Amino acid sequence: MVSAAAQAGVVAACVVLFVPMGLAGWHLSRNKVLFFSGALFVSLAVGVHLSPYLPSVPHLLATSFFLPGPGAASAAAASSGSSCVPFLHRVAWSDAAAAAAKGLGGGTARTWSWPPSLASTCGFARLSRDDASLLLNGSWVMVAGDSQARLLVLALLRLLLDPAAAAAAEPELFRRHSDYRAAVPARGISVDFVWAPFESNLTRLLREDLRLAPRVPDVLVLGSGLWHMLHFTDATSYGDALASVAGAAKSLRSPLPVPPPHMFWLGLPHLVNHMLNTDAKRAHMNGTMLRAYDLEVDQRGLIRGDGGPFLLLDVGKLTQGCGQQCTADGMHYDGGVYDAVLHIMLNALVIESQQRI
């Protein structure tokens with residue numbers, strides 16, 4: 001509903017616009033250039049007068065993409081609100097052949113779906129290219145982290161771009177230890193991948209690079225831990241580093257005059273120790289260490305369940321669900337996993353954006 005302040009602003013704007021123009025109209029009618037110059041001046045005055053009562057442009061863009069229909073996440077997601085968020089990761093996995101027989105598509109060894117009852121209740125849905133482009137219209141998406149983050153960017157590009165363009169982007173995206181930038185000009189979407197394998201890289205990104213930038217991303221996805229586990233193998237040290245990331249993210253959100261970024265944390269994947277491809281990885285990256293690192297994620301004020309700013313994208317749960325047949329090296333998984341991560345994030349964005357209205 002329109003607030004009383006907004007209604008008063010509209011009334012005042014009408015007075016500002018129409019009364020002077022009505023009084024001056026006869027005198028200015030003989031000089032059309034002067035007339036339209038005066039109209040433009042008054043219109044600008046109206047815009048300044050109304051601007052405090054209107055949502056920001058990014059907020060309007062963020063809430064303009066909800067279209068009814070079977071291909072888009074429907075208003076049911078908004079009506080269910082945050083009560084549906086805990087169920088976003090409750091996906092079922094099946095063999096690609098069986099999924100194709102059910103009309104769910106294929107292309108990877110395993111495919112995923114939400115149970116029909118849950119999809120109906122909460123409005124969860126796979127987004128088409130058009131739906132995703134509309135959802136992210138005018139947005140800046142930044143994903144920062146290690147190879148897991150890079151694979152999420154690949155899933156996003158495969159959704160937003162046509163197959164030929166997505167394939168052409170892969171060699172540049174997978175240049176070793178480098179950043180990457182892509183755009184969807186037709187929708188004004190920018191996608192940035194920032195190579196940041198350590199938590200200190202992420203803290204620096206938040207405290208320095210983004211704090212000094214004229215604009216912050218509309219969607220910010222961060223994730224790290226695999227490199228720390230391999231090179232430091234110290235869960236407590238990892239937790240301390242996560243606390244710094246959380247503090248930097250909170251300070252990034254607090255002073256902004258516009259809606260803050262949607263923030264997501266990319267969890268660690270399930271590690272299949274015997275499939276890891278080096279002795280060092282098999283020695284340091286085991287189940288015990290993974291559980292200790294996951295516990296630090298839960299307890300360091302990083303994710304929302306612990307008072308943090310990030311919604312967890314639980315890659316560990318999804319990779320466990322997909323199983324060993326979905327990985328060739330015990331750490332990096334098939335595209336279907338990151339496609340599931342992406343659609344969980346997009347459906348969360350639908351819910352969050354509706355809640356911000």
Side-chain angles (χ1 to χ4, degrees), residues 58-59 62-63 73 76-91 114 118 121-124 135-136 139 141-145 148-149 152 196 199 202-203 205-207 210-211 216-225 235 238-256 258-269 290-321 338 340-357:
H59 183 58
T63 57
S79 62
S80 301
S82 59
S83 63
C84 280
V85 171
F87 302 107
L88 279 166
H89 291 84
R90 192 170 292 183
V91 304
W114 281 291
L118 183 59
T121 300
C122 290
F124 298 158
L135 174 66
L136 297 174
S139 296
V141 181
M142 176 177 285
V143 183
Q148 300 292 315
L152 177 61
E199 299 68 43
L202 298 176
T203 300
L205 174 70
L206 293 168
R207 288 199 186 280
L210 292 182
R211 291 286 294 177
V216 296
D218 301 288
V219 180
L220 181 62
V221 186
L222 306 182
S224 64
Y238 177 62
D240 292 340
L242 291 181
S244 295
V245 174
K250 290 175 182 177
S251 67
L252 180 67
R253 288 164 57 104
S254 56
L256 298 176
V258 296
H262 298 273
M263 294 189 182
F264 298 90
W265 183 260
L266 199 60
L268 295 170
L290 177 61
R291 286 189 290 274
Y293 271 58
D294 283 339
L295 191 61
E296 295 296 330
V297 172
D298 292 336
Q299 297 182 349
R300 289 299 189 131
L302 183 76
I303 60 175
R304 294 182 191 174
D306 191 41
F310 294 96
L311 179 64
L312 177 66
L313 299 173
D314 196 345
V315 180
K317 184 173 184 178
L318 295 169
T319 49
Q320 269 194 303
Y338 304 98
V341 175
L342 174 63
H343 279 86
I344 288 169
M345 183 186 82
L346 294 177
N347 277 262
L349 282 174
V350 172
I351 296 172
E352 288 189 355
S353 297
Q354 285 288 67
Q355 289 174 338
R356 288 186 179 185
I357 297 177

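Residue numbers start at 1 and run along the sequence shown. Any value given below was found using the heavy atoms of this structure, including those in side chains, with hydrogens, waters and symmetry copies removed. For clarity, every value in this text was computed on a predicted model and none was experimentally measured.
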In sequence, state the C-alpha distance, the side-chain angles, and the governing distance for Q148 and V341, and then conclude on side chain to side chain contact (heavy atoms under 4.5 Å, CB included). CA-CA 11 Å; Q148 300 292 315; V341 175; over 6 Å; no

Show your working on side chain to side chain contact (heavy atoms under 4.5 Å, CB included) between F124 and V350 and close with a plain yes or no. CA-CA 9 Å; F124 298 158; V350 172; over 6 Å; no

Dump the intermediate steps for side chain to side chain contact (heavy atoms under 4.5 Å, CB included) on V219 and F264, then the final yes or no. CA-CA 8 Å; V219 180; F264 298 90; 4.1 Å; yes

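Here the NE2 atom belonging to H343 is positioned 12.5 Å from the CG atom belonging to L88, to the nearest 0.5 angstrom. Taking CH2 from W265 and CD1 from I303, the interatomic distance works out to 10.5 Å, rounded to the nearest 0.5 Å. To the nearest 0.5 Å, atom CG of residue L312 and atom CG of residue L302 are 8.5 Å apart. Here the CG-OH distance, from L152 to Y338, works out to 9.5 Å after rounding to the nearest 0.5 Å. Separation of atoms OG (S224) and CG (L266) is listed at 9.5 Å; rounding is to 0.5 Å. Atom CG of residue D306 and atom CZ of residue R300 lie 10.0 Å apart, to the nearest 0.5 angstrom.
Without hydrogens or angle criteria, R211 side chain to S251 main chain gives a donor-acceptor distance under 3.5 Å. The backbone N or O of L349 sits nowhere less than 3.5 Å from a side-chain atom of H262 that would complete a donor-acceptor pair. Judged by distance alone, with hydrogens and angles left aside, the side-chain atoms of T319 form a donor-acceptor pair with the main-chain N or O of G316 at under 3.5 Å.
Within the 4.5 Å cutoff, no side-chain heavy atoms of R304 are placed close to those of V85.
Counting heavy atoms of neighbouring residues, nucleotides and ligands inside a 6.0 Å radius, atom CZ of R90 does not exceed 12 of them.
Here the closest heavy-atom approach between residue E199 and residue V245 is recorded as O-CG2, 3.6 Å. Listed here is the closest heavy atom pair of A348 and L311: CB-CD2, 3.6 Å. The two residues A235 and A292 make their nearest non-hydrogen contact at CB-CB, 3.7 Å. Taking all atoms of both residues into account, the shortest heavy-atom contact from P309 to M263 is O-CB, 3.6 Å. Taking both residues in full, the closest heavy atoms of G123 and N347 are given as O-OD1, 4.0 Å, listed atom of the first, atom of the second, then distance. Residue L202 comes nearest to G145 through the heavy atom pair CD2-N, 4.3 Å, listed as atom of the first residue, atom of the second, then distance.
Ring geometry for Y293 against Y238 counts as parallel: the plane angle stays under 30°, on a 0 to 90° scale with 60° as the upper cut.
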